[in-house]
Amino acid sequence: MKITKICCIGAGYVGGPTMAVIAQKCPHIQVTVVDLNEQRIADWNDPNPENIPIYEPGLSEIVSEARGRNLFFSTDVDKAIDEAQMIFISVNTPTKTYGKGKGMAADLKYIELCARQIAKVAKQNKIVVEKSTLPVRTAEAIKSILDNTGNGVQFQILSNPEFLAEGTAVTDLLNPDRILIGGDTTPEGEEAINALIEVYSNWVSKDRILTTNVWSSELSKLTANAFLAQRISSINAMSELCEKTGANVSEVAKAIGMDSRIGSKFLKASVGFGGSCFQKDILNLVYIAKSYGLSEVADYWEQVIIMNDHQKRRFSNKIVQTLYNTVADKKIAFLGWAFKKDTNDTRESAAIYVADDLINEQARISVYDPKVSQNKMLNDLDYLETRSKQDNANYLNVFDNAYEACKDAHAVAILTEWDEFATYDWKRIYDAMHKPAFIFDGRNILDAKQLEEIGFVYNGIGS
Ligand code: NAD
Ligand code: UGA
């Protein structure tokens with residue numbers, strides 16, 4: 001089947017950038033991204049490409065090239081489904097907050113709604129592509145809904161998980177390590193797989209396109225995230241031991257990373273991993289293992305989350321202990337709120353939990369982040385429901401530059417590894433702070449020696 005029209009349901013961090021790149025690389029394919037969220041679609045259609053709802057380096061340029069040519073953002077979900085031969089499902093799959101599996105299982109209600117809508121609208125055969133991260137065997141449920149509630153048309157379900165990381169989404173999409181496509185081995189399944197291979201072949205070489213059965217593809221996505229997160233928890237576990245023993249975690253990471261069997265990536269000790277996916281996907285994996293009665297497997301992976309929670313708490317405890325066991329009424333400046341640099345995404349960011357702990361100790365938090373708005377920060381705190389919205393607003397103050405945020409602070413905490421933080425005039429910041437002036441570098445991005453020469457008391461992670 002030759003694909004000329006693609007629809008993507010979900011205009012979020014995955015749907016938006018992924019479809020923008022497909023549209024840029026496949027000018028012969030009309031790509032329509034739809035979402036129920038009218039504001040989000042309006043933002044994607046903002047005449048100024050700088051105002052699109054997701055900040056990713058290089059994305060606004062791609063959107064401005066393809067938008068209106070063969071890339072469209074719309075709230076007319078039915079029309080886009082009806083017209084497309086291939087439909088990507090890229091909606092959110094958050095951790096369930098209710099009922100069976102609460103706090104662990106993936107909430108598949110948005111996926112099911114998509115399947116039902118596709119079934120209702122489709123009048124011709126369609127290829128349905130799972131782009132969202134899903135529990136293994138979800139395709140079975142989607143197929144059952146499509147086959148039993150549809151208009152008698154044929155659906156092929158493919159699993160095509162996305163491996164992009166935020167902050168580098170565009171380069172990851174343009175130059176992926178691999179494209180994974182899971183599908184049926186029937187002739188119709190193979191035809192569907194080939195149709196998707198053809199789309200990616202417009203810019204990805206064939207040797208990077210891997211095909212598997214649907215279940216391997218679904219499970220590989222959860223496995224990849226679990227392995228990546230496990231490396232961070234492993235190095236973070238070592239960071240605590242380094243602090244007790246005089247070893248330096250950056251040196252340890254370098255030493256082990258030079259072993260080609262281990263490799264140097266994802267060994268950066270930090271205040272803890274954040275983001276919308278690592279925790280959610282591992283919890284989901286744990287839930288799946290438990291549901292098959294595999295308690296050792298479940299416990300093994302759950303420890304990655306336990307270690308990450310410990311690391312975040314350990315960071316806030318260290319701030320309190322170092323500041324003479326009280327931070328009440330002290331001003332602690334946060335540099336960074338996003339869960340990593342080069343994104344405006346704050347989901348599960350360590351900053352939220354560290355701020356919450358410190359506000360419990362009645363610290364006053366002043367924050368500067370180059371891309372995150374005050375509204376978003378307050379929403380993140382309010383979502384925890386630890387205290388009233390008014391109290392959060394009283395304790396958290398947001399500034400539009402770091403020098404103001406740090407003025408009169410007792411300590412500075414680095415929560416995100418934004419490059420600009422390393423370029424600051426730290427002497428100026430030091431002069432405007434209470435003494436002794438403490439720095440808690442949750443990302444190990446600053447030059448400890450230089451800061452100590454200025455007069456700071458420097459605390460990194462794992463040294
Ligand atoms: P997101 O919350 O940013 O976007 C999802 C969008 O889907 C929202 O705008 C929502 O309004 C829309 N939506 C939900 N139900 C809908 C429906 N029935 N019809 C139309 N629109 C609907 O989520 P995201 O970060 O893009 O993640 C999407 C999926 O991709 C998740 O399964 C996630 O695990 C996976 N994933 C995310 C990343 C990442 O870096 N964020 C990377 C790889 C995979
Ligand atoms: C991660 C994966 O890297 C992607 O491959 C995957 O597609 C995505 O999850 C997903 O499924 O959503 P992302 O969460 O966007 O991507 O960003 P990462 O670069 O993986 O960083 C995650 C968190 O780990 C961040 O808080 C980051 O600061 C932290 N991290 C990362 C460390 O603390 N140390 C490291 O060495 C690397």
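Start at 1 and go down the list; that is how both ligands and their atoms are numbered. Position 1 is the first residue of the sequence; numbering continues from there.
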Asker: Check this for me - ligand 1, D281, N or O atoms closer than 3.5 angstrom, yes or no?
Answerer: no
Asker: Measure the distance from atom 33 (O) of ligand 2 to every protein heavy atom, then report the residue, atom name and distance (to 0.1 Å) of the closest one.
Answerer: S270 OG, 2.6 Å
Asker: Counting heavy atoms only, name the option from T93, V14, V91 that's nearest to atom 29 (C) of ligand 1.
Answerer: V91
Asker: For the CG atom of N202 and the CD1 atom of I22, what is their distance to the nearest 0.5 Å?
Answerer: 9.5 Å
Asker: Which ligand 1 atoms, with their elements, are less than 4.0 angstrom from a heavy-atom of S90?
Answerer: 5 (C), 28 (C)
Asker: Does the N or O separation between Q117 and ligand 1 drop below 3.5 Å for any pair?
Answerer: no
Asker: Answer yes or no for C277: is there a heavy-atom contact with ligand 2 below 4.0 Å?
Answerer: yes
Asker: Can you confirm, on distance only, whether ligand 1 has an N/O atom lying under 3.5 Å from any N/O atom belonging to E162?
Answerer: no
Asker: Return yes or no for this condition: an N or O of R347 is under 3.5 Å from an N or O of ligand 1.
Answerer: yes
Asker: Hey, is S132 touching ligand 1 through its side chain, its backbone, both or neither, going by heavy atoms under 4.0 Å?
Answerer: both
Asker: Any heavy atom of K341 sitting closer than 4.0 Å to ligand 2?
Answerer: no
Asker: With distance as the sole criterion, is a donor-acceptor pair present between the side chains of W426 and D447 under 3.5 Å?
Answerer: no
Asker: Could you check atom 44 (C) of ligand 1 against the protein and tell me its nearest heavy-atom contact, residue, atom and distance included?
Answerer: T133 OG1, 3.5 Å
Asker: Would you mind finding which of L164, D281, I232 brings a heavy atom closest to atom 7 (O) of ligand 2?
Answerer: L164
Asker: What part of K221, side chain from CB on, backbone N/CA/C/O, both or neither, has a heavy atom under 4.0 Å from ligand 2?
Answerer: side chain
Asker: If you take the nearest heavy atom of each of K340, R443, K265, which one is closest to atom 19 (O) of ligand 2?
Answerer: K340
Asker: Among all protein non-hydrogen atoms, which one is nearest to atom 21 (N) of ligand 1, and what is the separation to 0.1 Å?
Answerer: L36 N, 3.4 Å
Asker: Which of the numbered atoms in ligand 1 are below 4.0 angstrom from a heavy atom of E166?
Answerer: 39 (C), 40 (O), 41 (N)
Asker: I need the L294 CG to I288 CD1 distance, nearest 0.5 Å.
Answerer: 11.0 Å
Asker: Say whether L164 and ligand 1 are in contact under the criterion: heavy-atom distance to a ligand atom below 4.0 Å.
Answerer: yes
Asker: Please state which part of L267 comes within less than 4.0 Å of ligand 2, counting heavy atoms only: side chain, backbone, both or neither.
Answerer: backbone
Asker: If you count the atoms of ligand 1 from 1 in the order shown, which ones are under 4.0 Å from a heavy atom of C114?
Answerer: 18 (N)
Asker: Considering distance alone, does some N or O of D35 sit under 3.5 Å from an N or O of ligand 1?
Answerer: yes
